[in-house]
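Here the structure comes first, spelled out in structure tokens, and everything after it is commentary.
Atoms within a ligand are numbered from 1 in the order they appear, just like the ligands themselves.
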Amino acid sequence: MFLHGTSRINDAGHLEIGGCDVTELKAEYGTPLYIMDEQLVRRRCREYMDAFAASGLGFQVAYASKAFSVMAMCRIADEEGLSLDVVSDGELYTALQAGFPAERIHFHGNNKTPDEIEMALDARIGCFVVDNFTELELLQAIAAGRGVTVNVLLRVTPGVEAHAHHAYAATGQTDSKFGFDIGNGSAFEAVQLASAKENLTLLGVHSHIGSQIFETEGFEMAVERVADFARRVKNELNISFKVVNLGGGFGIRYVEGDTPLQVSEYVAAITNAVKKYFAGIGESLPEIWVEPGRSIVGDAGTTLYTVGTSKNIPGVRKYVAVDGGMTDNPRPALYESKYEALLANRANEPVSETVSIAGKCCESGDMLIFDVELPAAESGDLLAVACTGAYNYSMASNYNRIRRPAVVFVQNGQSDLVVKRESHGDIVANDLVPARMTKQAVTK
Ligand SMILES: *Cc1c(COP(=O)(O)O)cnc(C)c1O
């Protein structure tokens, strides 16, 4: 398994992250356990901030909190000077509870409810990324009712769709639930409408072209398309965009064959494209915002499991089951995502067999990894799955009424619990039994 950040194998042959031996973390917190390498998270934040600072452009780096939204992570984003994207009242609440400065919060989403808009206006967040005409009217009406003015970006689809390893198609993007299409004129119409709304201040536009992207071409193409649009808006409406938000989607290395670029390479490609394509539109270059999620937290996360049962089907496959699965990491089931793993308490032993890692849920699709080489795993061994920091905890569920794991941050030999493991009580906390069905609990 590729070792990320501060991960290393110590003299005892145990995986160590942030100076913490995972066998000790298991003893203290139990498994499954999400372990976050705090130093690596902060390093990724700084890579973005430093690369943009070097570009000379105005910028904001907004952490897309949907990747991993917990209060301690919001604190890190704040301490590192990042802004924050939220997509729901729950993510907004998390950020506000963590004391994240409201003026650096941006609200996304294709169906913000009136209640969510009211909540965000109460908090005085910095910006709404308006997705569609319904929202444009709703936001104007609510803001007018309050006598306030709100900053907006318009989400546009530039006709560039990029995925890791895939060619980007210049078409097809029109068929998206998100945003105003540039190609069919909706985006232009939205700019006209938004700029005429008394209670909206149009800062500019937003585009997000995909996720887990390994090349710069898609971003450069998006900058070119957005610049062409900005030029038309300037020429025909005399409106200049102060802000251009280019979204997230920067790729990370999950497994050996993945070849993402350095953060500085993505940022240089974007900022150079902005300098090239936006030159001469309006008086000055726009401020550039980006929204990395996965690439801030993904490779900093490791999930620690305890091995339980195994089942060998001669000539077919050996299954090794762990005490978690699709409830803490639904990505293999959802996207056929690939992960690497090692036997964390016997990490120096030579690999001796190829096995597949199964979860404990009642679903045949509840598999974490197919065909991973490990030393012969026995009941009680620890299995570490790398690169689980993004879209794991945030997508975790209570399927089979499995309790969601704890999350610890580790750094300099210290571990801090940032999310408690759910209790059995948490599992039934919201359940109600109508009086006509009540029965004395059979405990005691
Ligand atoms: C999901 C999302 C992001 C973050 O994407 P990553 O692939 O995690 O970097 C950023 N912006 C928007 C609008 C998104 O939907």
Side-chain angles (χ1 to χ4, degrees), residues 41 44-45 47-48 51-52 59-70 73-74 77 82-88 90-92 95 104-112 125-132 135 152-158 160-166 168 173 176-180 204-216 218-219 222-223 226 243-254 258 260-263 265-267 269-270 288-301 330-331 334-335 337 387-395:
V41 173
R44 296 293 180 230
C45 293
E47 285 172 356
Y48 278 100
F52 270 100
F59 68 95
Q60 284 190 38
V61 177
Y63 167 58
S65 72
K66 69 179 183 192
F68 174 61
S69 170
V70 306
M73 184 57 215
C74 294
L82 275 63
S83 301
L84 201 77
D85 276 4
V86 300
V87 190
S88 73
E91 287 178 1
L92 175 58
R104 299 209 314 270
I105 297 177
H106 312 155
F107 203 154
H108 271 276
N110 69 311
N111 185 20
K112 304 174 189 75
I125 66 157
C127 181
F128 286 78
V129 182
V130 174
D131 190 272
N132 51 66
E135 182 186 345
V152 300
L153 292 180
L154 298 175
R155 179 163 183 167
V156 300
T157 48
V160 178
E161 196 177 6
H163 299 291
H165 312 304
H166 290 202
Y168 5 91
Q173 184 67 3
S176 164
K177 78 166 183 175
F178 293 112
F180 301 97
V205 289
H206 167 281
S207 120
H208 173 74
I209 56 170
S211 208
Q212 185 62 353
I213 298 165
F214 284 179
E215 320 92 1
T216 58
F219 292 106
V223 171
V226 172
V243 173
V244 171
N245 185 327
L246 293 159
F250 313 101
I252 65 168
R253 180 181 187 175
Y254 281 99
D258 288 343
L261 301 174
Q262 304 281 319
V263 166
E265 295 177 287
Y266 288 113
V267 173
I270 285 175
I288 301 306
W289 296 3
V290 289
E291 311 174 314
R294 186 191 314 276
S295 55
I296 296 285
V297 291
D299 59 0
R331 296 189 68 257
L334 278 175
Y335 314 115
S337 307
C387 231
T388 59
Y391 306 108
N392 272 230
Y393 176 74
S394 66
M395 286 187 160

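Listed by atom number, the atoms of ligand 1 under 4.0 Å from His108 heavy atoms are 13 (C). Residue-ligand proximity, Tyr391 to ligand 1, at heavy-atom distances under 4.0 Å covers atoms 1 (C), 4 (C), 5 (O), 6 (P), 8 (O). Per-residue contacts place Gly248 under 4.0 angstrom from the following atoms of ligand 1 (heavy atoms of the residue considered): 9 (O), 10 (C), 11 (N). Those atoms of ligand 1 that come under 4.0 Å of a heavy atom in Glu291, given as number and element, are 3 (C), 4 (C), 9 (O), 10 (C), 11 (N), 12 (C), 13 (C).
The shortest heavy-atom contact between Val160 and Gly218 is CG1-O, 3.6 Å. The two residues Phe219 and Tyr266 come nearest to each other via the heavy atoms CE1-CD2, 4.1 Å. Val223 and Ile270 get closest at one heavy-atom pair: CG2-O, 4.4 Å.
The side chain of Ala64, and not its backbone, has at least one atom closer than 4.0 Å to an atom of ligand 1 (non-hydrogen atoms only; side chain from C-beta on).
Electrostatic pairing of Lys66 and Glu91 does not count as a salt bridge here, judged by no charged N lying under 4.0 Å from a carboxylate O. Between Asp299 and Arg44, at least one side-chain nitrogen of the basic residue sits less than 4.0 Å from a carboxylate oxygen of the acidic one, meeting the salt-bridge criterion.
Judged by the 6.0 Å and 45° rule, Arg294 forms no cation-pi pair with Phe250.
His206 and Glu291 share a side-chain donor-acceptor pair at under 3.5 Å. Side-chain polar atoms of Tyr48 and Ser295 form a donor-acceptor pair below 3.5 angstrom.
Inclusion of Gly249 in the set of residues having an N or O under 3.5 Å from an N or O of ligand 1 is warranted. Residue Asp85 has no N or O atom closer than 3.5 Å to an N or O atom of ligand 1. On a distance-only criterion, Arg155 and ligand 1 share no N/O pair closer than 3.5 Å. Note: no N/O pair closer than 3.5 Å links Pro292 and ligand 1 by distance alone. The shortest N/O to N/O separation between His206 and ligand 1 does not fall below 3.5 Å.
Annotation: atom 7 (O) of ligand 1 to nearest protein heavy atom, Ser211 OG, 2.5 Å. In this structure, the protein non-hydrogen atom closest to atom 15 (O) of ligand 1 is Lys66 NZ, 2.7 Å.
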